[in-house]
Amino acid sequence: MEALILFVMVLALLFLGLPVGISLGLSSILFITFFSHDSLSSVAISLFGAGQHYTLLAIPFFILASAFMSTGGVAKRLINFAIASVGHFRGGLAMASVLACMMFAALSGSSPATVVAIGTIAIAGMRQVGYSKEFASGIIANAGTLGILIPPSIVMVVYAASTNVSVGRMFLAGVIPGLLAGGMLMLAIYVVARIKGLPSEPWKGFGAIVRGGKEAGWGLFLIVIIMGGIYGGVFTPTEAAVVAAVYAMLIALFVYRDMGPLKDTPWVLDSDSAVARVGFNGSVYGVSFFLVWMIMSFFATAGSETVTAGERAVWGLVFGLGIAFFYIYKRGHDLHESMLRCLLAGLPVWRRNLVAVVCAFFPALFGSESRKVMLEGTKTTVMLMFIIANALLFAHTLSSERIPQVVTEWMLGVGFNWFTFLIAVNILLLIGGQFMEPSGLLVIVAPVVFPIAMELGVDPIHLGIIMVVNMEIGMITPPIGLNLFVTSGITGMSLARVVKAAMPFVAVLFVFLILVTYVPPLSTWLPYSIMGPELINP
């Protein structure tokens, strides 16, 4: 009876038009005040605990990293790389949009950010070559959902915090399902493209792929830093989020120069001679390789007591100089110039850029554009953490009334097994996902279904991926599908048109959900091969 009263209060407040966070928090406070033996002091303890939860501290930093990586320049580089890779297939531009969403998902951890960053550019590009607006919008709305499945994922962090499972295992568990989901969407696009005769881009050769990868490389290296640092044992997922935020800021401001005082200031000017370009580019390749080598080798040998930083630096220096000298020799030979002449000619370019970076360092960090990005990231963080804090209070109320235990006993008593239980979980989450934000819904549902899943022998990491995939589908199903609203906003289409455009590809995600639900190795093989099984203390 108490559980029914609590849920009725939540639904009543939601139908009155109150925000989700307030509905969850207010219903919990009213229930504790009038129907529960619990003390009101538990409200303060629960809300305070949300801000002190170490795992949840990763969320604001991942959001900040996403905000800096959401600049148009990063998204455009990813799209160019994707077009060079798969654009020559029938329907290649649409497939490239999905691939770009997959790559951006690995940088942002957010579905709406993926839709905005990639969709703003990709939809316009698809329209220019003859795709219908509905088809392009449907693809982006669905592909954008990969933002919460491909690691690092904010929703996975929330699930891990709610159930005390490993964030690292959850991130690894999302790799294979994320690639599979993207591959299924691309296959569906290819089939539709063959039927409708959609256009393809001309094949530009492997050189275009290399150039596209080179331009997008510094952005994509963020994935290596996050995943390599976590699984190399260098830092925790929360610390990885901090490193990701700092890295994203430095790349956006000083390497890509998409914002700040150096915006639109190229590293090499048209007035620089061909010889200076060769010397500068060659030395840049050498320095870049050295930096990447030092970071990668640090991750690989973090637990070793025999490999020193000096040894790693020597090897990195040898390989870096080799790459630089080879490039300069090759290009300089074409210009009939010596290596020394090319190197000396490139020094003024280095000096000009280093002086520009030093002079612009603090103005870039504290400039108007950086402040704006941080403000937007802060707004998103406050909104999300407010929902999560109130959802945690609601979950605390459920636990104090032993509602999860009662539900577990009832489901076991009526004969539920793992197969039928997962059907029930999918139905519950698909319905709930239509009305609630993913993080808030996870915090509420996870504490209820988790003990039942453990009792029935469902793997905790497998359960987490099932819940995340349900949240994906919830983001593109009305009436509260967030990706639908975002897509509608960037295209100017009505919500009804966006829903109609997205529905054919939602069917692909439903098939994917069935695969993930009933083929557990898709989720568990990679994390358990690398980190071993998740151990849950009873």
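Computed over heavy atoms, backbone and side chain alike; hydrogens, waters and symmetry mates excluded.
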Under the 3.5 angstrom rule, does the side chain of [X] hit a backbone N or O of [Y] as a donor-acceptor pair?
| X | Y | answer |
| --- | --- | --- |
| E215 | G212 | no |
| N164 | A160 | no |
| Y518 | F419 | yes |
| R169 | I461 | no |
| T491 | T487 | yes |
| N142 | A502 | yes |
| S27 | L24 | yes |
| S23 | V10 | no |
| S111 | G144 | yes |
| H462 | T524 | no |

Do the charged groups of E134 and R497 touch, with an N to O distance under 4.0 Å?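 Salt bridge flag = yes for R497 with E134.
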So, E376 and K379, do they make that salt bridge, N to O below 4.0 Å?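 Yes, charged N to carboxylate O under 4.0 Å.
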Candidate pair L393 and I29, rule side-chain contact (heavy atoms from CB on, under 4.5 Å), full reasoning: CA-CA 9 Å; L393 174 59; I29 293 172; 4.2 Å; yes
Mind running side-chain hydrogen bond (donor to acceptor under 3.5 Å, both in side chains) on T145 and N483 for me, showing each step along the way? CA-CA 7 Å; T145 63; N483 277 18; 5.3 Å; no
Tell me whether R77 forms a cation-pi arrangement with Y256, defined as NZ or CZ under 6.0 Å from the six-membered ring centre and within 45 degrees of its axis.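 So R77 does make the cation-pi contact.
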Might you work through the side-chain contact (heavy atoms from CB on, under 4.5 Å) test for I59 and L384, ending with a clear yes or no? CA-CA 9 Å; I59 292 176; L384 188 57; 3.7 Å; yes
Using a 4.5 Å cut-off on heavy atoms from C-beta on, say whether the side chain of [Y] contacts that of [X].
| X | Y | value |
| --- | --- | --- |
| L107 | F68 | no |
| P520 | D459 | no |
| I176 | S523 | no |
| S162 | V158 | yes |
| E472 | L146 | yes |
| V98 | F505 | no |
| I63 | I154 | yes |
| S108 | M69 | no |

For the student: nearest non-hydrogen atoms of [X] and [Y], plus distance:
| X | Y | answer |
| --- | --- | --- |
| A245 | L64 | CB-CD2, 4.1 Å |
| M156 | I148 | CE-O, 4.2 Å |
| G91 | I189 | O-CG2, 3.8 Å |
| I140 | A122 | CD1-CB, 4.0 Å |
| P177 | V516 | CB-CG2, 4.4 Å |
| V157 | A58 | CG1-CB, 4.4 Å |

Give, for atom [atom1] of [X] and atom [atom2] of [Y], the distance between the pair rounded to the nearest 0.5 Å.
| X | Y | atom1 | atom2 | value |
| --- | --- | --- | --- | --- |
| M385 | L57 | CE | CG | 7.0 Å |
| F61 | S66 | CZ | OG | 14.5 Å |
| L198 | M126 | CG | CE | 10.5 Å |
| L509 | L515 | CG | CG | 11.5 Å |
| S137 | L484 | OG | CG | 11.0 Å |
| I427 | L422 | CD1 | CG | 11.0 Å |

For the residue pair N390 and S28, confirm or rule out a side-chain donor-acceptor distance under 3.5 Å.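 No.
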Report yes if the distance between the aromatic ring centroids of F171 and Y231 is under 6.0 Å, otherwise no.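 Ring centres of Y231 and F171 not closer than 6.0 Å.
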The test is side-chain contact (heavy atoms from CB on, under 4.5 Å); show your working for I150 and V175 and say whether it passes. CA-CA 6 Å; I150 295 176; V175 173; over 6 Å; no
How are the rings of F221 and W218 set to each other: parallel, tilted or perpendicular (split at 30° and 60°)? perpendicular
Please test L180 against L522 for side-chain contact (heavy atoms from CB on, under 4.5 Å), starting from the C-alpha separation and ending with a verdict. CA-CA 9 Å; L180 178 61; L522 289 175; 3.9 Å; yes
